[in-house]
Amino acid sequence: MAFTGRDFFDRDTVTVARELIGARVCLDGDTVVARLVEVEAYLGEDDLASHAYRGLTPRSQIMFGEPGHLYVYFVYGMHHCANLVTEARGKAGAVLLRAAAVEQGADTIRSRRAATGGQIADDRLLSGPGNFCRGLGITRDDNGLDVCSVGARLRVIPADDVPNIATAPRIGIRHNTEAALRFCLAGHPAISIPI
DNA sequence: CTTGAGATGGACT
DNA sequence: GTCCATCTCAAGG
C-alpha cells in the first residue's frame with residue numbers, strides 16, 4: 001500500500017502495528033535510518049495495559065489526539081519509550097516502537113550510547129524500547145512531534161516489501177498479558193526478547 | 001543458561 | 001504512598 005501520509009496512521013491500531021514492521025525510521029535527513037523489527041499495539045478501551053485505559057489524563061491525552069504524532073513517556077526513572085499515535089481523533093491507540101535494525105548511522109547511535117560502556121553489536125544497538133529511544137536521541141521533548149509534517153526531524157517510511165511477521169503476547173506488562181499484540185520481523189536478531 | 005535487584009522520576013490513587 | 005509498556009550487571013544453577 002502506498003504511503004499517504006497521515007492516513008497511514010488513521011486506521012485500526014493493530015493494522016498499523018503490523019504494517020509498521022519493516023518500515024523505516026529516518027532521523028535528521030537520512031543521517032540515521034533504522035528498520036522497525038518489533039512493535040506492540042496499545043489500545044484504549046478494554047486494554048488494561050494501555051495508558052489510555054483509565055481515560056483521558058494529561059499524560060494519555062495524546063493517545064486520543066491526532067494520528068501520526070509521537071507519544072513519548074518516561075518510565076522507571078531512566079528510560080523513554082516512543083509510540084506512534086493511531087486511530088482517528090477521539091479514539092485512543094498507539095504503537096510502541098520496541099526495536100529496530102540500524103541501516104545507516106550506527107556510529108552516531110553508538111556515540112549516543114557511549115555512557116553505557118562495552119561493545120554492543122550493531123544488531124543490538126536499537127534493541128528494546130529504552131535503547132531505541134536512547135540510540136535515536138528521543139526524549140520527552142519529542143512528545144507530540146508530528147511525524148507527518150514536512151521536515152519533521154523524524155519520519156516513518158513504510159516497508160517496501162512484505163515481511164514475515166511473527167505475533168506474540170506483549171512484554172513487560174502486568175495486565176492483559178495474554179493478548180497477542182506484539183509483532184516482530186520473524187527471527188530478526190534485533191528483537192529484544194525472542195518469541 | 002536463569003533470576004533478582006538497583007537505579008530513579010513522574011503519573012496516578 | 002504505589003506502580004511502572006526498562007536495562008544492566010552480578011550471582012546462582
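Throughout, protein chains are lettered first and strands after them, A, B, ... in sequence-line order, and every chain is numbered starting at 1. Since this is a predicted model, take the numbers as computed values, not measurements.
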Test item: side-chain donor near acceptor, Y71(A) and H51(A), under 3.5 Å: yes
Rounded to whole Å, please give me the gap between NE2 in H51(A) and P in dG10(B). 15 Å
Which nucleotide sits closest to the side chain of H79(A): dA11(B), dT6(C), dA5(C)? dT6(C)
Taking G22(A)'s backbone N and O only, do any of them form a donor-acceptor pair with R35(A)'s side chain (distance below 3.5 Å, no angle check)? yes
Rounding to an integer number of Å, can you tell me how far I62(A) CD1 sits from dA11(B) C1'? 16 Å
Is there a side-chain polar atom (N or O) of N131(A) under 4.0 Å from OP1 or OP2 of dT8(C)? yes
Base, sugar-phosphate alone, or nothing: which one does R140(A) contact when heavy atoms must sit under 4.0 Å apart? sugar-phosphate
Would one find a side-chain N or O of T57(A) under 4.0 angstrom from OP1 or OP2 of dC12(B)? yes
With no angle test and no hydrogens, is the base of dA11(B) tied to the side chain of Y73(A) by a donor-acceptor pair under 3.5 Å? no
Expressed in angstrom and rounded to an integer, what is the separation of L96(A) atom CG from dT6(C) atom P? 7 Å
Nearest-angstrom distance from the residue atom CG of L48(A) to C1' of dA5(C): 13 Å
Of all heavy-atom pairs between L20(A) and F9(A), which one has the smallest distance, and what is that distance? CD2-CE2, 4.4 Å
Whole Å only: how far is the CZ atom of F74(A) from the C1' atom of dC7(C)? 12 Å
Give a yes or no on whether D160(A) atom CG has more than 12 heavy-atom contacts from other residues, nucleotides or ligands under 6.0 Å away. yes
Check whether any side-chain N or O of R134(A) sits under 4.0 Å from OP1 or OP2 of dT8(C), and answer yes or no. yes
Once you round it to whole Å, what is the distance between C1' of dC7(C) and CG of L126(A)? 15 Å
Under 4.0 Å between any heavy atoms, over every strand shown, what does H175(A) touch: base, sugar-phosphate, or nothing? Just pick one. sugar-phosphate
Under 4.0 Å, heavy atoms only, any strand: does Y42(A) hit a base, just the sugar-phosphate, or nothing? base
R174(A) vs dC3(C): side-chain N/O to OP1/OP2 distance below 4.0 Å: no
Figure out the CZ/C1' separation between R54(A) and dA5(C), and round it to whole Å. 14 Å
Y71(A) side chain: which of dA5(C), dC12(B), dT8(C) is closest? dA5(C)
Given atom OH of Y76(A) and atom C1' of dA5(B), what is their separation to the nearest angstrom? 14 Å
Nearest-neighbour nucleotide for the M78(A) side chain, dA7(B), dC4(C), dA5(C) considered: dA7(B)
Does a side-chain heavy-atom distance below 4.5 Å link R155(A) with V33(A)? no
Below 4.0 angstrom from OP1 or OP2 of dA5(C), is there any side-chain N or O of R182(A)? no
For a quick check of understanding: with a heavy-atom distance under 4.0 Å over all strands, which category does R170(A) fall into, base, sugar-phosphate or nothing? nothing
So what's dT8(B) paired with, Watson-Crick or G-U wobble, going by both distances under 3.5 Å? none
With respect to V72(A), which candidate in N83(A), I138(A), I62(A) satisfies the side-chain contact (heavy atoms from CB on, under 4.5 Å) definition? I138(A)
